[in-house]
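Here's the structure, in structure tokens; my notes come after.
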Protein chains: 2
Amino acid sequence: MNEQENRPIVVVVDDEEDLLILLKNLLEREGYQVLTARDGDEGIWLLRRVIARGRLKFAILDLMLPVRDGIDLVRFIRKQKEIRDVPILVLSAVSDTDKRVLALEEGADDFLAKPFSTRELVARVHALDRRVEQTRQESTVPRGRFEMGSLIVDTGRHEVRVSGREIRLTPIEFRILAHLISQGGFVIERHALMIALWGEDWEVEEHNLNVHIWSLRKKLGETPGEPKYIETLRGTGYRLKDTGESTSVRAVSGENR
Amino acid sequence: MNEQENRPIVVVVDDEEDLLILLKNLLEREGYQVLTARDGDEGIWLLRRVIARGRLKFAILDLMLPVRDGIDLVRFIRKQKEIRDVPILVLSAVSDTDKRVLALEEGADDFLAKPFSTRELVARVHALDRRVEQTRQESTVPRGRFEMGSLIVDTGRHEVRVSGREIRLTPIEFRILAHLISQGGFVIERHALMIALWGEDWEVEEHNLNVHIWSLRKKLGETPGEPKYIETLRGTGYRLKDTGESTSVRAVSGENR
DNA sequence: CAACGCTGTAAAGAACCGGTCACAAATCAG
DNA sequence: CTGATTTGTGACCGGTTCTTTACAGCGTTG
């Protein structure tokens, strides 16, 4: 596994050879691994291939493409669950505003009119990068193996045990529990949980959290009324109940992706 | 005073009539009272008029404006002390990044590239709203861990202990105690407490404070008549009694983001 | 000492919040 | 494409919390 293989990947799709080379150089200088395609079909093929590697940072797409429209590519990306939230920077001639609008509606994140200055491009790319990095941190799951009383949560192998017995949680439930246990016995405010689960500008009902907490409690085997594990602090948030037992909270920091 | 008059106000300045109507509908559905202007001068005039009402929640400004630049409006808002910290969401055409950057430098909080999806706008607006709401509440609660005699208040963990035993307080009670203990043994005037709890322009009966203090005292285990913790200074305010014990008041400044 | 203002105490109603559940919508697996 | 799982929403309920109101006690002041 050589060094290049660990760098974040950028996919660039454009039919102008010159531009492609320019972008490739520019972005590689910024520390990305750049993969290119020259038309829509090739682009989709490339994206498929990249999905497997799981390191796609963002995509730069020209709108005017032979064989397949750039907008098709935007749609394609937004449909693949593995790369759904990858930021997309769209390039197009100044003239076609229609397509520009369409692309943004389909989910492109930013837009750059050709021709552009390299400074401008780099600036945009950095902005996108920052944004994705931020939202990823927000929705991230604390890493490690945590124990608290009869609860064990191992985020590495995605496993939860309550008094030895393994239980199955949905992704959201899992993340809630992971956050709670990673905080030891301390309160997490509703607000913080919302951000942790759905990002800074979440668009779901805050009430939704109650529902997930509820189903999580059910799976943990809580008896309604008296929580053994998840404690409600009205008007504030939730916290894992300190059972007072062998409360060995331990985070194994071994695996940072 | 009709119902509408109590809703938070949003000011929208844009020269496109369609967009203005769209935004007005959208935001009114979200529960805001929407006031609009079509150019910079009108915007300033409108803002002046709104300042008096004191319920301005945030402003949405187009950057490309006839008569006066949107950036002028940003500057204007940031100079008015009454609305200095009102969040500003800036709209701009995708193309002019320069202005966008400038606007952010002048103090705009977020920007949205035109055209945008209504979902996106609503999400941003909510995020802004929450952010301002949160920081307003946060700023009124002193941060850190405070000890005084047998009392411990940890605002980070949302925890209160009296002689080791944890007690549960409602949000308001918690904030009262946090303020008192953060002042060490010094008086906090009723007036200051009112502002800290309900904001600069509170609308509740001042007597309400007595009630909360009373229930707080009960939870602390005060014996009526002789306050061990919260001392009343008639005509002035309250203060935490200096028990003379191991009065180690300490603020841990750990968490400043 | 009477009147007043300020605070403590108590209780009642309103507003709010969270728990519970059923169902709809979105997503995923085969 | 179909069925299963997961996620999100609306409705309802019960309890908590907030606010108002009433009244009692007490200190201050005239």
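Throughout, protein chains are lettered first and strands after them, A, B, ... in sequence-line order, and every chain is numbered starting at 1.
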Please report the distance, rounded to the nearest Å, between CD in B:Glu205 and P in D:dT20.
5 Å

Please work out whether the ring planes of A:Tyr32 and A:Phe58 are parallel, tilted or perpendicular, with thresholds of 30° and 60°.
perpendicular

Letter per nucleotide, 5' to 3', of nucleotides 4-17 of chain C [B base touched, S only sugar-phosphate touched, - untouched; heavy atoms, 4.0 Å]:
-BBBBBB------B

So, B:Lys57 and B:Glu133, do they make that salt bridge, N to O below 4.0 Å?
yes

Once you round to the nearest 0.5 Å, how far does CZ of A:Arg190 lie from NE2 of A:His207?
9.0 Å

Does a side-chain N or O of B:Trp198 approach OP1 or OP2 of D:dT19 to a distance below 4.0 Å, or not?
yes

N-O pairing of A:Lys241 and A:Glu222 below 4.0 Å
no

Atom pair distance, as rounded to whole Å: CZ in A:Arg78 and P in C:dT27:
13 Å

Separation of C:dA26 atom C1' from A:Gln80 atom CD, nearest Å, is 16 Å

Does D:dT6 have OP1 or OP2 under 4.0 Å away from a side-chain N or O of A:Arg168?
yes

Please state how far atom CG in A:Leu209 lies from atom C1' in D:dT9, giving the value in whole angstrom units.
14 Å

Do the side-chain N or O atoms of B:Thr170 get closer than 4.0 angstrom to the phosphate oxygens (OP1, OP2) of D:dC18?
yes

Once the angle between the rings of B:His191 and B:Trp202 is folded into 0 to 90°, is it parallel (under 30°), tilted (30 to 60°) or perpendicular (over 60°)?
perpendicular

Could you give the angle between the helix axes at the two ends of the helix from C:dC1-D:dG30 to C:dG30-D:dC1, with five pairs per end, rounded to 10 degrees?
30°

Say you draw a straight line from CD1 of B:Ile195 to OG1 of B:Thr140; how long is it, rounded to the nearest 0.5 Å?
11.5 Å

Can you tell me how far the CG atom of A:Asn210 sits from the CZ atom of A:Arg217, to the nearest 0.5 Å?
9.0 Å

What is the distance, to the nearest angstrom, from the CG atom on B:Leu169 to the C1' atom on D:dT16?
14 Å

Does the distance from a Lys or Arg side-chain N to an Asp or Glu carboxylate O, for A:Arg239 and B:Glu166, drop under 4.0 Å?
yes

In this structure, how many angstroms lie between the C1' atom of D:dT5 and the CD atom of A:Glu173, rounded?
11 Å

Write down the distance between CH2 (B:Trp202) and P (D:dT20), rounded to a whole number of angstrom.
13 Å

Within this structure, what is the CG-to-P distance between A:Asn208 and D:dG8, rounded to whole angstrom?
5 Å

Please report the shortest heavy-atom distance between B:Pro87 and B:Leu128, naming the atom on each side.
CB-CD2, 3.9 Å

